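A short write-up of the structure that comes next.
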2 protein chains.
Amino acid sequence: MPLDSLESAGVDTPSMAKHTIYDIARLAGVSGKTVSRVLNNEPSVSPATRDRVARIIDELGYQPHHGARSMRGQQRDCVGVIFSAPMNKWPVSHQQIHWLFLELERIFGARGKFICFDLNPYTNGIEGVDYARALWQQRCNGCLIHGALQLNDKVIARIHSSGYPYMALNRFEEIPDLCFSSVDYDEAAYLSAQRLIRSGHKRIGMLQAFHDTQAGKERRSGYTRALEEAGIEIDDSLIRPVSFAGSDVTAATLYLLLECKASAIIDCSMLEDPASVREGARRAGRIPGKDFELVDWTYSPDSISLPEACAHVRIPLREAASEGMELLAQWFDREREEPFQILRRPELFEADTVRELPIATPIFDTIR
Amino acid sequence: MPLDSLESAGVDTPSMAKHTIYDIARLAGVSGKTVSRVLNNEPSVSPATRDRVARIIDELGYQPHHGARSMRGQQRDCVGVIFSAPMNKWPVSHQQIHWLFLELERIFGARGKFICFDLNPYTNGIEGVDYARALWQQRCNGCLIHGALQLNDKVIARIHSSGYPYMALNRFEEIPDLCFSSVDYDEAAYLSAQRLIRSGHKRIGMLQAFHDTQAGKERRSGYTRALEEAGIEIDDSLIRPVSFAGSDVTAATLYLLLECKASAIIDCSMLEDPASVREGARRAGRIPGKDFELVDWTYSPDSISLPEACAHVRIPLREAASEGMELLAQWFDREREEPFQILRRPELFEADTVRELPIATPIFDTIR
DNA sequence: CTGTTAGCGCATTCAC
DNA sequence: GTGAATGCGCTAACAG
């Protein structure tokens, strides 16, 4: 219902009728285009007109219809946040989701962006799960892809070639120029295996998270590389895929120690839970750090996951992600034109230097 | 760029050109309207035509433009999630944000809804912070308001009268028919004070969270009611507003014990952190549970926050919220027409019965 | 500095 | 069962 006078709208109780720019225009005695100019902070509106229009907009609590805007304009005001798998497959931890929120608020919120989540990654397209519905529908004008990329992922290629700003938190072999910010898991696995080889181990087990993903593949390749360099034969059964269930890690630990006769284990399960590994060891009749050696991986900058480990590997994924999100925000706002690649180096440190927490350093980084 | 043949789009590499229903229509040899009918599952399309159109839609990975749809249709496919204050004012805990996510996924994700967050509640309108931009812009078609409602809140009234489905997680005195799902904080404060009065206390301090909100006001009113019924004079200084900083709780505890000579304290700071209260007591030279009695409040169904407390009050807010979110989803999908009110009863239990966790019961509930 | 016109992609209305 | 015309609210291109 269009308004006939400003008074009928009321300053104290902004009318809930949905206004259009033409309602504003009529009240201000200008054309719709002028209202549009004010809304978009375009120049070439006289200060007096601008003020008058702005005042009416404020008083009515008018906000431009997003759908209509998105049909004409090319502004980018909404970031899609995508989980590449449903949470029951890859449970995102309390800390991680909280961290993500704070970062989104800090980086995109500060720029006035909206955040759109599609929590329904179950819609099957021809290629499997299409997790980027929000992007194709143009609800959002770019996206952040949170979570590992499965090796058979077909959606990421569409996103990559769509022209929308985006960032993944993984590399992806098939798309060398993918925009991502991540950590070199190959290197992390290489460092871990190398460390245990130096201790004289030949049967090194690995609790391998994300086995069907690029991140899992990198674990395998780094591990393999280290063993090959040392002339140790690869035994595939020593690379043990695990899910995020503690029981799975426990069972895999038991299996590696008993069936595979592993004398050392790389815990890159990312569960960051000492209890599961300990329980597996207990069932095998072994004591971690005594009967077998461990290298553990952690995302956390200020803690380790397994005190019994002889060395720890820190995976600075959140730091990489934060850095990348800043760049994504700039790309979004056309402050930079191109995609980027950030790969941070993992840091291995000995258990006896735990107090001196290392600063992670980038390996390569196409943006500097 | 419109397509001239289906082949040129390709099945394996869906074209990234943004298609319209008319592209689909041309390929299928039908009119735009028929494509629209297929998209919206309208009847009166012959099975053969429907299949042909559907197949082309799938092959192109076509998705209807959300902006265009939102201008004509009245479907509701996006829920706004609003934080009534920025996180630096009311920090949402790890657990809470995680819980919220899982619930959103479970309830709205399962229904195929998108979730839109506005993490930029700093835009000032005439009435202060307008946290419902996403709603006014019609990015979303209803919303969940997470967080306490400040007593001077003007936005909630606009939402209430807008006709959009919504739900707050608080009552709001000024709007008796507000749609909400919450817990009776007045009752919780009443039960807490009554419990300490029964132990003979006359100077009962309160660590009062949310003091400038409806939730804080309810704490005060319940407390006051209990004291008045017992004929105890109210000393305002015993009601001590606290923020979510641990140091604030510590300082307030110290103040209540030393300056105000409180002999008992109701901890409804909702910080759920025993260390802060203990530290305040320590600085006052007191030992909690020995030199003074405590009643603590907790949101958690399976733990208590202060083991030293003589009684615990459980605030089943998450249960209330879950229940309400289900109803909001139904309202959203037009399975129910009206707003609703759910108010759950807090439960006080003695420290020695901690193992028997109580089932919270509704106080009133306009939906059954 | 300001206004007019056209059209974005879709759904609604009405015609066939 | 199907299609043509119309308009949602806004902005780009053009005109004055």
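Computed from a predicted model, the values in this text were never measured in an experiment. Per chain, numbering begins at 1; letters A, B, ... match sequence-line order.
One finds no salt bridge joining A:Asp118 and B:Lys113 here, because no Lys/Arg side-chain nitrogen approaches an Asp/Glu carboxylate oxygen to under 4.0 Å. Salt-bridge formation is detected for the pair B:Glu335/B:Arg111: a Lys NZ or Arg NE/NH1/NH2 atom is positioned less than 4.0 Å from an Asp or Glu carboxylate oxygen. Between B:Asp77 and B:Arg69 there is no salt bridge, since none of the side-chain N atoms of the basic residue sits less than 4.0 Å from a carboxylate O of the acidic one. Between B:Glu42 and B:Arg50, none of the side-chain N atoms (NZ, or NE/NH1/NH2) sits under 4.0 Å from a carboxylate O, so this pair counts as no salt bridge.
Closest to the side chain of A:Met71, from the set D:dG9, D:dG7, D:dA12, is D:dG9. Here D:dG1 is the nucleotide among D:dG1, D:dG3, C:dC10 with the atom lying nearest to any side-chain atom of B:Ser44. In this structure, of C:dT2, D:dA4, C:dG9, it is C:dT2 that holds the atom nearest to the side chain of A:Thr34. Picking from C:dT2, C:dC8, D:dC10 the nucleotide with the shortest atom distance to the side chain of A:Arg37 gives C:dT2. The A:Ile21 side chain lies nearest to D:dT11 when the options are C:dC10, D:dT11, D:dG3.
Remark: A:Thr49 is not in phosphate contact with C:dC1, judged by side-chain N or O atoms under 4.0 Å from OP1 or OP2. Within the 4.0 Å cut-off from OP1 or OP2 of C:dT4, not a single side-chain nitrogen or oxygen of A:Ser31 is found. Side-chain N/O atoms of A:Gln138 include none lying less than 4.0 angstrom from OP1 or OP2 on C:dC8. For A:Ser36, a side-chain nitrogen or oxygen approaches OP1 or OP2 of D:dT11 to under 4.0 Å. For C:dG9, the OP1/OP2 oxygens have no side-chain nitrogen or oxygen of B:Thr20 closer than 4.0 Å. A sub-4.0 Å separation between OP1 or OP2 of C:dC8 and a side-chain N or O of A:Ser70 is absent. In this model, the phosphate group of D:dT11 is not approached by any side-chain N or O of A:Gln75 to a distance below 4.0 Å at OP1 or OP2.
Between the side chain of A:Arg72 and the base of C:dG7 there is at least one donor-acceptor pair of N/O atoms closer than 3.5 Å.
Separating the CG atom of B:Leu39 from the C1' atom of C:dC10 is a distance of 10 Å, rounded to the nearest angstrom. With rounding to whole Å, B:Ile24 atom CD1 is found 13 Å from C:dG9 atom P. The distance from atom CH2 of B:Trp136 to atom C1' of D:dG9 is 18 Å, rounded to the nearest whole Å. The interatomic distance linking B:Arg139 (CZ) with D:dC10 (C1') rounds to 14 Å, in whole Å. To the nearest angstrom, P of D:dC8 lies 19 Å from NE2 of B:His66. Summarising the geometry, the separation between CZ on B:Arg50 and C1' on D:dG1 is reported as 11 Å, rounded to the nearest angstrom. Distance B:Arg69 CZ to D:dC10 P: 21 Å, rounded to the nearest Å. Between B:Tyr22 atom OH and D:dT2 atom C1' the separation is 14 Å, expressed in whole Å.
A distance below 6.0 Å separates the ring centres of A:Phe117 and B:Phe101. Aromatic ring centroids of A:His19 and A:His65 lie 6.0 Å or more apart.
Among the heavy atoms of the strands lying under 4.0 Å from B:Gln74 are primed sugar atoms or P, OP1, OP2 only; no base atom is included.
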